[in-house]
Amino acid sequence: MATDHELHLRDRLTRLRSLNLLGGVRLSGELEKLQRQLDRIQTAPTDEEIWRSVELARHQDRPYTLDYVERLLDDWVELHGDRGRADDAALVVGLGKFNGRTIALLGNQKGRDIKERTHRNFGMAYPEGYRKAMRLMELADRHRFPLVSLVDIPGAYPGVAAEQHGQGGAIARAQALMSRLDVPTVACVIGEGGSGGAIATALADKVLMQENAIYTVISPEGCAAILWRDAAEAKKAAAAFKPDAVHCLELGVIDGIVPEPEGGAHTDPDQSAKLLGESLEEALEELESVPADDLKRRRRAKFRSLGVYA
Amino acid sequence: MATDHELHLRDRLTRLRSLNLLGGVRLSGELEKLQRQLDRIQTAPTDEEIWRSVELARHQDRPYTLDYVERLLDDWVELHGDRGRADDAALVVGLGKFNGRTIALLGNQKGRDIKERTHRNFGMAYPEGYRKAMRLMELADRHRFPLVSLVDIPGAYPGVAAEQHGQGGAIARAQALMSRLDVPTVACVIGEGGSGGAIATALADKVLMQENAIYTVISPEGCAAILWRDAAEAKKAAAAFKPDAVHCLELGVIDGIVPEPEGGAHTDPDQSAKLLGESLEEALEELESVPADDLKRRRRAKFRSLGVYA
Amino acid sequence: MSSRIDVSIEHRNVPEPPGKQHPNTCPECQSHYRDDELEAALWVCPHCGHHFPMRARARVASLVDQGTFVEEAAELRSEDPLQFFDLRPYTERLAEAEMKTGLGEAMVIGHASIEGTSCELAVMDFSFMGGSMGSVVGEKFSRACDSAAERGVPLVSVTASGGARMQEGILSLMQLPKTVCAVEDLHDAGQALISVMTHPTTAGVLASFASLGDVIVAEPGALVAFTGPRVVQQTTREKLPEDFGLAEQNLRFGHIDAIVPRPELKPYVSRLLRLFARNGD
Amino acid sequence: MSSRIDVSIEHRNVPEPPGKQHPNTCPECQSHYRDDELEAALWVCPHCGHHFPMRARARVASLVDQGTFVEEAAELRSEDPLQFFDLRPYTERLAEAEMKTGLGEAMVIGHASIEGTSCELAVMDFSFMGGSMGSVVGEKFSRACDSAAERGVPLVSVTASGGARMQEGILSLMQLPKTVCAVEDLHDAGQALISVMTHPTTAGVLASFASLGDVIVAEPGALVAFTGPRVVQQTTREKLPEDFGLAEQNLRFGHIDAIVPRPELKPYVSRLLRLFARNGD
Ligand SMILES: [Zn+2]
Ligand SMILES: [Zn+2]
């Protein structure tokens, strides 16, 4: 299986090498990075390992957005409010210095204890949260701050108010805004990248995943409940739709994998932050050399190329 | 007094003629138009006439936005909603054909009977209404439709929800958006142009007033209640702050006066619409020949030049 | 962790199964019709106005000037990138859907004219796997945007979708940003998207291109919600408002521009097409 | 027509007169202080934290690095374009305000550095005719934007305003679009506006530049409302929420980024200035 998976990756590498890269769709350095990823991955994820990722991605001690902010940014100023109705604590936004440059950062924020979890709605934003995120995106664009988005949301929130306040439209418009930004954008799934709630803030020039993060169109439980008519078959569902980072890389959905400490990000938050910081820096440096028009064109072309059909 | 007022206008004309028109602030044709206005006005408004304007501007039979839409536009499609929380009936927005071209039109809409007045909150928008207006402005900008704004609002609405939903910010942002539009914009006060509620949708390339409309920073009653400590002194207040069209033209606040039928707009809505249509057409034709960048620059320069100080 | 489970079932807002009721029986007033009666009435109940589901080809025929529709990208078919197997293989489900519907996928695209004005169309069909958005739906919509941009005409989309194409996993989610980027490219080319939402327009389709229409209209009674009432009720245990998630609620909350009954849709869209036709350039 | 009257009194959200209470007596806890005590405490009650009004020059001194403030446009004075006369002539009111405050108008502008970072400042003074925005306030703010753009530094505004300058009639309203356009020009020049709202920030100032800050902060307990509680209550006859219109409510409803107690304001603004300083270009 390991060999099999490695073959897949090598195969993709070969195809990338031979590809006529239309209109600069792929950023330079892609091949080298894929090679490095390949060298690093020793074994491909088995069904058991996929499930372990699901568990680690949801681990209650896993570092959240503000844990990384604290370790990676100087002069952090959190901003609040959608300038319309509310300040949604499930999604934090702000400005800070990252390796000397000002960046705009947004991220889902889960809670550590039951009170904070309720306050932050388990990281699941309301439409007001997406609108706050859009405000930060506009601020970033206006002042040419690169945008970093940390994604960690079980899924869009299924609530009465969320629907009444226009959740579908808010998620659509957040993506549309990201597709229009003239600044470099990097998204990283740091835990659960759940469905529309995740993609709302992940239409980025570079999309990364931490090694044990998952990225899904529906949670394993939700998928199992529908297709197997039994939410307990979640493990089976996960094995079937493969939400792990390696498979996402293989499908071209993400651009790179951010390593975690042995045993998962929660075992060593400082080291996790260091590794995340290195990947973000690498991505930003590469993007900062690209002209704004090209950035936007490449970003859209990348997402418009996703899908497999005949 | 008539002569006196005429002298004022002639004086302004003389000053305009001698002015070194910095950076194309004033649109060409301004002088000719002022001359025409001057020729048309036989008598300057007395205190009595100012108060008559106040009464006519508020006349219960005065044509409202939709009365003009019906008479001036083909293929009218009203659009609804702020894409967030509500559809505010106090402010209508839509698309239609005006003399063969598609325009975006927005306007305050008062009600005719008590039920409609309540439904439309007497034309006083909530923040949701300003956000709906902004959505139309963005639509106009995206598709290069000229924007026409008809202003008819007693004043911004003093309600609990209006404050909680961010009325101040909404009015500020509506203006900011108008200052950024790349399309020709014409605003016309067709009744009451009351305070922040009016200016929210009146930061236009050309600002017109109907002959008997009023444009005020505060209603006569409000001003009287504060300065004379008696709302009944409204007539005195109106005479003091001069909200009529001729004085607004004289102060450089508006660019032209739209004639009304003898006796006021309500006496002949068809003729009122015809006269309004002619003025709008003239303004749009002039603006349509100006490059987008110049439009925006001139628009901002015009508003930045308003005020009298030493 | 029960909340986690509930929370996640957000991509399957299929309307309640009609039980044993015949598809030609009106679920609102129980009137029963012959096929040709319903077809003649555009699948709107002549008695109570209930809007029955409408198939993609019938929808196209009801909107365009006769004989003007030219289909595009009809040959596209889904692959099975995950070799997905639940109780049955994805490939089998696809084959069955094609057999049942006569369509290669849940969306039909092409160009046409409506009351004499040219446009591009992208019409979904709920009968094909619940109108779920997989790679082919995303690609077809994306091509429809490009076709509209090239021809310099507006795009009219008619949506009907119950959720994600789970069998394509994360690639199904990626059709959201894909179609969003396609709309943005269409807008940059100066063209409009007119979005017509029919029952049901939910989940990923609502959270992407359908909500980006320059004008958005819905059919009466259509469910227009990211998460449908059943899942919301399971999660929140709240009593839901009577019209929760319906077009009527969406209009009241400011999310759509109008509710247009099916018989009025063609002239309404036609009027919009005239408005969005380029101003003489 | 009583509703019309109520509706219109929206530009005079002056806080309730303190009655005969001495200005150095805390309205919250009744503690009384000597001038030098209050000055040393930045006019924040050492006992309960109540923020007393702060004069413009004191505010500038509390924010900038000592000796770095250079005032601009101090010579501007209002004219009386309407020859406005209510119970007294406008010119008399202006002269009295200048005598009382030692200021030519309700706003002071200039450039300075804060913890070593350069910026432009535009600071209002409520003591000058209730901080009402007439032509000179608008012009000074407008010039502050240009000065910031020319120097390539952010602009920090500190607002305190009870309403419109009614005596300048419609020209007072025109200061809204004027200052809005100035902020947009500042933004086009790549510079930021940091908006600090102090008690009270209402009416035209709130409905124009103050709400356009890239970052907006308020002092604790500040009234931040287009229409103040008194007029809203008169109009709606509703019982108002406890903190209606206060900074705290504005934070909860998403209108401002933070509430910053006065002693923390300088380091907070300084941090923002470092963030908005151009990234190495
Ligand atoms: Zn029926
Ligand atoms: Zn105290």
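All values below were derived from every heavy atom in this structure, side-chain atoms included, with hydrogens, water molecules and symmetry-related copies excluded. Reminder, nothing fancy here: chain letters follow the sequence lines and each chain counts from 1.
- Under a 4.0 Å N-O distance rule, the pair R83(A)/D257(D) qualifies as a salt bridge.
- Contacts of R131(A) with chain D are absent, with no heavy-atom separation under 4.5 Å from either backbone or side chain.
- The parts of L251(D) that come within reach of chain A are both its backbone and its side chain, each placing non-hydrogen atoms under 4.5 angstrom from that chain.
- For the atom pair D87(A) CG and F253(D) CZ, the distance stands at 12.0 Å (nearest 0.5 Å).
- The distance from the CG atom of D75(A) to the CG atom of L272(D) is 9.0 Å, given to the nearest 0.5 Å.
- Interface residue R252(D): only backbone heavy atoms are found under 4.5 Å from chain A.
- For D214(D) against R142(A), the heavy-atom pair with the smallest separation is OD1-NH2, 2.7 Å.
- Between H143(A) and H187(D), the ring planes are perpendicular. Angles over 60° get that label, and only those under 30° would be called parallel.
- Counting heavy atoms from C-beta on, the side chains of V77(A) and Y268(D) come closer than 4.5 Å.
- Proximity to chain D is limited to the side chain of L139(A), based on heavy atoms less than 4.5 angstrom apart.
- Contact of E78(A) with chain D is made through the backbone alone, with heavy-atom distances under 4.5 Å.
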Inset, instruction - For side-chain contact (heavy atoms from CB on, under 4.5 Å), just list the numbers for F145(A) and L275(D), CA-CA rounded to whole Å, side-chain angles, deciding distance to a tenth of an Å, and then say yes or no. - result: CA-CA 10 Å; F145(A) 300 146; L275(D) 288 166; 5.6 Å; no
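- With chain D as the partner, the residue from D82(A), D88(A), V93(A) showing the most heavy-atom pairs under 4.5 Å is D82(A).
- Using modelled atom types, one side-chain atom of K97(A) and one backbone atom of R274(D) make a donor-acceptor pair closer than 3.5 Å.
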